[in-house]
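Here is the structure we will look at.
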Amino acid sequence: QVQLVESGGGLVQAGGSLRLSCTTSGRRASNYHMGWFRQAPGKEREFVAAISWGGGITYYADSVKGRFTISRDNAKNTQYLQMNSLKPEDTAVYYCAAGLKLKKSDEYDYWGQGTQVTVSS
């Protein structure tokens, strides 16, 4: 069993930055691939970024490529999503996820509770 807790969300103006953190706990948590997803009101949950367990492979959604950076520190059991040049359309609840397969779909095994990101225009 793996537990995930997100933090770092908040309100920011367009063009600003936020860094989300996701701390994992549980057995062999650092062995899992990690992903970030988001869900805006009235919309389906969508893929944002993913990183392999060792950090050597990363994937990004086209909508965030060049603005967001995913990383992880396995010594701290924490993964990060650095979000720069934020846009109002980035407003959503952001979820981190852990899984044994690195995917862009939401077929991950464990999920956090989510953290709200609001970008004002």
Side-chain angles (χ1 to χ4, degrees):
Q1 191 77 7
V2 176
Q3 295 80 41
L4 301 92
V5 178
E6 302 98 334
S7 61
L11 174 64
V12 64
Q13 288 188 331
S17 298
L18 281 175
R19 189 177 79 159
L20 304 183
S21 299
C22 175
T23 301
T24 60
S25 60
R27 192 163 179 262
R28 302 166 76 176
S30 62
N31 288 357
Y32 285 81
H33 305 301
M34 305 295 293
W36 285 98
F37 292 78
R38 66 187 182 187
Q39 188 167 19
K43 294 187 177 181
E44 297 286 322
R45 184 166 59 190
E46 64 175 359
F47 169 77
V48 175
I51 188 167
S52 59
W53 70 268
I57 300 172
T58 57
Y59 296 134
Y60 294 95
D62 288 342
S63 58
V64 307
K65 202 171 292 183
R67 299 188 298 122
F68 291 11
T69 302
I70 189 171
S71 62
R72 66 190 297 165
D73 184 342
N74 285 341
K76 297 181 178 180
N77 285 334
T78 302
Q79 63 150 334
Y80 306 96
L81 185 68
Q82 177 67 44
M83 305 186 295
N84 299 329
S85 302
L86 282 161
K87 305 175 182 180
E89 51 263 45
D90 294 318
T91 295
V93 177
Y94 283 71
Y95 299 89
C96 68
L100 295 177
K101 293 184 179 181
L102 184 64
K103 295 183 178 181
K104 297 181 183 180
S105 65
D106 62 357
E107 297 171 359
Y108 282 73
D109 301 298
Y110 303 101
W111 292 83
Q113 83 287 350
T115 185
Q116 177 71 46
V117 172
T118 303
V119 184
S120 63
S121 57

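No hydrogens, no waters, no symmetry mates; every other heavy atom, side chains included, goes into these values.
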Checklist entry - Atom OG in S121, atom CD in Q13: separation rounded to 0.5 Å? => result 9.5 Å

Checklist entry - Between Y108 and L4, is there a shared hydrophobic cluster once you connect ILVMFWY residues whose side-chain heavy atoms come closer than 4.5 Å? => result no

Next on the checklist: Any non-hydrogen side-chain atom of Y80 less than 4.5 Å from a side-chain atom of D73?
Outcome noted: yes

Next on the checklist: Between L81 and R38, is there a side-chain heavy-atom distance shorter than 4.5 Å?
Outcome noted: no

Next on the checklist: How close do G114 and V93 get, counting heavy atoms only, and between which atoms?
Outcome noted: CA-CG1, 3.9 Å

Next on the checklist: Hydrophobic cluster membership, with links at side-chain heavy-atom distances under 4.5 Å among I/L/V/M/F/W/Y: are Y59 and W36 in one?
Outcome noted: no

Checklist entry - Of all heavy-atom pairs between A14 and P88, which one has the smallest distance, and what is that distance? => result CB-CD, 4.1 Å

Checklist entry - Taking atom CZ of R72 and atom SG of C22, what is their separation to the nearest 0.5 Å? => result 9.5 Å

Checklist entry - Are the side chain of T91 and the backbone of V119 linked by a donor-acceptor contact shorter than 3.5 Å? => result yes

Checklist entry - Can any side-chain N or O of N74 pair as donor or acceptor with the backbone N or O of W53 at less than 3.5 Å? => result yes

Next on the checklist: Using 0.5 Å steps for rounding, measure from the CD atom of Q39 to the CD atom of E44.
Outcome noted: 7.0 Å

Item to check | Mutual orientation of the aromatic rings belonging to F47 and F37 [parallel < 30°, tilted 30-60°, perpendicular > 60°] | outcome: perpendicular

Checklist entry - How far does CG of N77 sit from CD of Q3, to the nearest 0.5 angstrom? => result 11.0 Å

Item to check | pair F68-L86: side-chain heavy atoms closer than 4.5 Å | outcome: yes

Next on the checklist: Could you check whether any side-chain N or O of Q82 sits under 3.5 Å from a backbone N or O of T69, counting only pairs where one atom can act as donor and the other as acceptor?
Outcome noted: no

Item to check | 4.5 Å side-chain heavy-atom contact, Y32 and T24 | outcome: no

Item to check | Hydrophobic cluster membership, L20 vs M34, 4.5 Å side-chain cutoff | outcome: yes

Checklist entry - Linking I/L/V/M/F/W/Y whenever any side-chain heavy atoms sit under 4.5 Å apart, do L18 and Y94 land together? => result yes

Checklist entry - Does any N or O in the side chain of S21 come within less than 3.5 Å of the main-chain N or O of S7, such that one atom is a donor and the other an acceptor? => result no

Checklist entry - Hey, quick one: are V64 and L102 part of the same hydrophobic cluster, counting side-chain heavy atoms closer than 4.5 Å, chains of contacts allowed? => result no

Checklist entry - Would a 4.5 Å heavy-atom cut-off, applied to side chains only, mark W111 and D106 as touching? => result yes

Checklist entry - Taking 4.0 angstrom as the limit, do K87 and D90 come out as a salt bridge? => result no

Next on the checklist: Quick check for you: to the nearest 0.5 Å, what is the distance between C96 atom SG and E6 atom CD?
Outcome noted: 4.0 Å

